[in-house]
Amino acid sequence: MPEDFSSIPSATGGIARLACARMREAGKGLEAVLSGAGLTVEEVDDPTVRLEVRTQIKVLELAALELQDDFLGFHLARSFDLRKIGLHYYVMASSEQLAEALRNAERYSRMNNEGVRLHFRSDPATVIALDYVNVDRRSDRHQMEFWLTALVRICRQLTDSRLAPRKLMVRHFRDSTPAEYKSFLASDVEFGADADEIVFPEQVASLPIVGADTHLNKLLRQYADEALAHRPEVRGGVRADVERVIPQLLPHGKANTSEVARQLGLSSRTLSRALSAEGVTFGKILEEERAAIARRYLEDRELPISEIAWLLGYREVSTFTHAFKRWSGMNPREFRSSPLSR
């Protein structure tokens, strides 16, 4: 059975198109990168074509390798015209206070990207959090770094101030915070954290928006609500629940159908049936989760391979090595020293 299209998140594709523009500026051909992501030049050149979020992530990954730019997401976010975000940005820019702008960003975030949900809270600090929906967070670095950098820029531009995050946390690994990140963001970045969040002091939420326009904001929110009403809600499905539970069970060697079913309050038979209806098996999800988690752990150069094997539920390092070679075509040490792990 094919995957339910309502569970496949899409995006406007603006970040992928920025990456393609950067490649053209550098005199790089697009065909190989786009082919690797399952796209054509015609699709990328048509701004009305939405892209699957995982396709956008793949474009960014391949473009970063082609451009030899390991910080591509950050570099794209640092320099693009924020107005290119479109209606979503203008709703924020016409709000009265930053708190209202961020609440509007939370409400309308899936217009631009259904796979990334923005959450805002202002007690006891001003926090902007990003969560992935039906997209493997471990597959991505560049899109997330793009949005975190862009959000800091937006907050600064809307308030006409040089806001500095108190804390900036990212789930994926890097060896250290690059100097240009520290300089531009005015903050250290905590890589390998448990969340993707920007934390500002509490009082930042009450800052006024420069150029606020109550009448225009009301009108734009009406347009945005109409646009949102025509977009189908992306459903998580049982697969998303299984993907959430498996990482917690792997180190204990309990990532099996019966235990995952028990955690979800289902029988093993019901779980298998539900996954089959979504066109996938438990074994396939387990394999994909292990492969993705292994890549994430291998990015952390300090984590011993023997410990990674244990975290993935393998009793022997050799078993993990054979499995990883099947997934990637190379053993863990070869992967760790390759550009793919940087």
Side-chain angles (χ1 to χ4, degrees), residues 9-18 21 46-51 53 56 73 76-123 125-131 133 143-144 146-165 184-186 196-234:
S10 69
T12 57
I15 310 175
R17 291 183 172 97
L18 286 172
D46 184 351
T48 66
V49 174
R50 290 181 69 90
L51 307 180
V53 176
Q56 174 159 271
L76 293 175
R78 190 177 59 177
S79 57
F80 84 109
D81 186 341
L82 293 173
R83 293 173 298 181
K84 288 186 176 181
I85 295 172
L87 179 59
H88 191 185
Y89 171 77
Y90 287 106
V91 171
M92 294 180 70
S94 58
S95 303
E96 290 194 78
Q97 290 186 330
L98 187 59
E100 182 188 346
L102 292 173
R103 278 192 291 269
N104 284 328
E106 180 177 49
R107 176 172 176 77
Y108 301 117
S109 63
R110 73 182 179 93
M111 287 172 52
N112 284 70
N113 194 316
E114 294 169 342
V116 182
R117 295 293 169 83
L118 185 150
H119 304 283
F120 160 67
R121 61 184 187 273
S122 57
D123 184 21
T126 299
V127 179
I128 308 168
L130 297 174
D131 290 320
V133 180
Q143 181 181 245
M144 179 56 71
F146 176 93
W147 275 118
L148 291 172
T149 306
L151 283 164
V152 171
R153 279 191 64 203
I154 289 170
C155 291
R156 289 172 175 173
Q157 181 152 318
L158 297 189
T159 59
D160 192 23
S161 58
R162 176 70 178 173
L163 294 179
F184 186 82
L185 298 169
D196 295 298
E197 290 185 351
I198 304 167
V199 182
F200 289 112
E202 182 181 6
Q203 62 270 25
V204 165
S206 61
L207 289 175
I209 301 298
V210 176
D213 187 324
T214 305
H215 176 73
L216 178 61
N217 185 258
K218 182 178 179 180
L219 189 64
L220 292 176
R221 281 191 289 111
Q222 288 176 351
Y223 291 151
D225 285 334
E226 290 173 10
L228 205 58
H230 287 88
R231 293 221 55 80
E233 181 70 33
V234 175

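Distance alone, capped at 3.5 Å, is enough to place a donor-acceptor pair between the Thr159 side chain and the Cys155 backbone. Put simply, the side chain of Glu197 never gets that close to the backbone of Ala129: no donor and acceptor are under 3.5 Å apart. With hydrogens and angles disregarded, a donor-acceptor distance shorter than 3.5 Å links the side chain of Arg17 to the backbone of Asp46. Side chain of Asp131 to backbone of Val116: no donor-acceptor contact under 3.5 angstrom is found. Between the Arg153 side chain and the Ala77 main chain, a donor and an acceptor come within less than 3.5 Å of each other.
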Query - Asn113 and Gln143: CA distance, side-chain angles, deciding distance, side-chain hydrogen bond (donor to acceptor under 3.5 Å, both in side chains) verdict - result: CA-CA 11 Å; Asn113 194 316; Gln143 181 181 245; 3.0 Å; yes
Query raised in the report: For Asp225 and Tyr108, what are the C-alpha separation, side-chain angles and deciding distance, and is it a side-chain hydrogen bond (donor to acceptor under 3.5 Å, both in side chains)?
Result: CA-CA 8 Å; Asp225 285 334; Tyr108 301 117; 2.9 Å; yes
May I have the list of side-chain donor-acceptor pairs in residues 202-212 shorter than 3.5 Å, sequence neighbours left out?
residue : atom : partner : partner atom : Å
Ser206  : OG   : Gln203  : O            : 2.9

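Atom CG of Leu185 is separated from atom CG of Leu163 by 12.0 Å, given to the nearest 0.5 angstrom. In this structure, CG in Leu98 is found 8.5 Å from OG in Ser161, a value given to the nearest 0.5 Å. Atom CD of Glu106 and atom CZ of Phe120 lie 8.0 Å apart (nearest 0.5 Å).
Considering only residues two or more places apart in sequence or on other chains, Arg78 meets the side-chain contact (heavy atoms from CB on, under 4.5 Å) condition with Phe74, His75, Glu180, Phe184.
Just one residue in the list Ile198, Val199, Ile128 forms a side-chain contact (heavy atoms from CB on, under 4.5 Å) with Pro165, and that residue is Ile198.
Between Phe146 and Phe80, the ring centre distance stays below 6.0 Å.
Residue Arg83 places its CZ atom among 12 or fewer non-hydrogen atoms of other residues, nucleotides or ligands, all under 6.0 Å distant.
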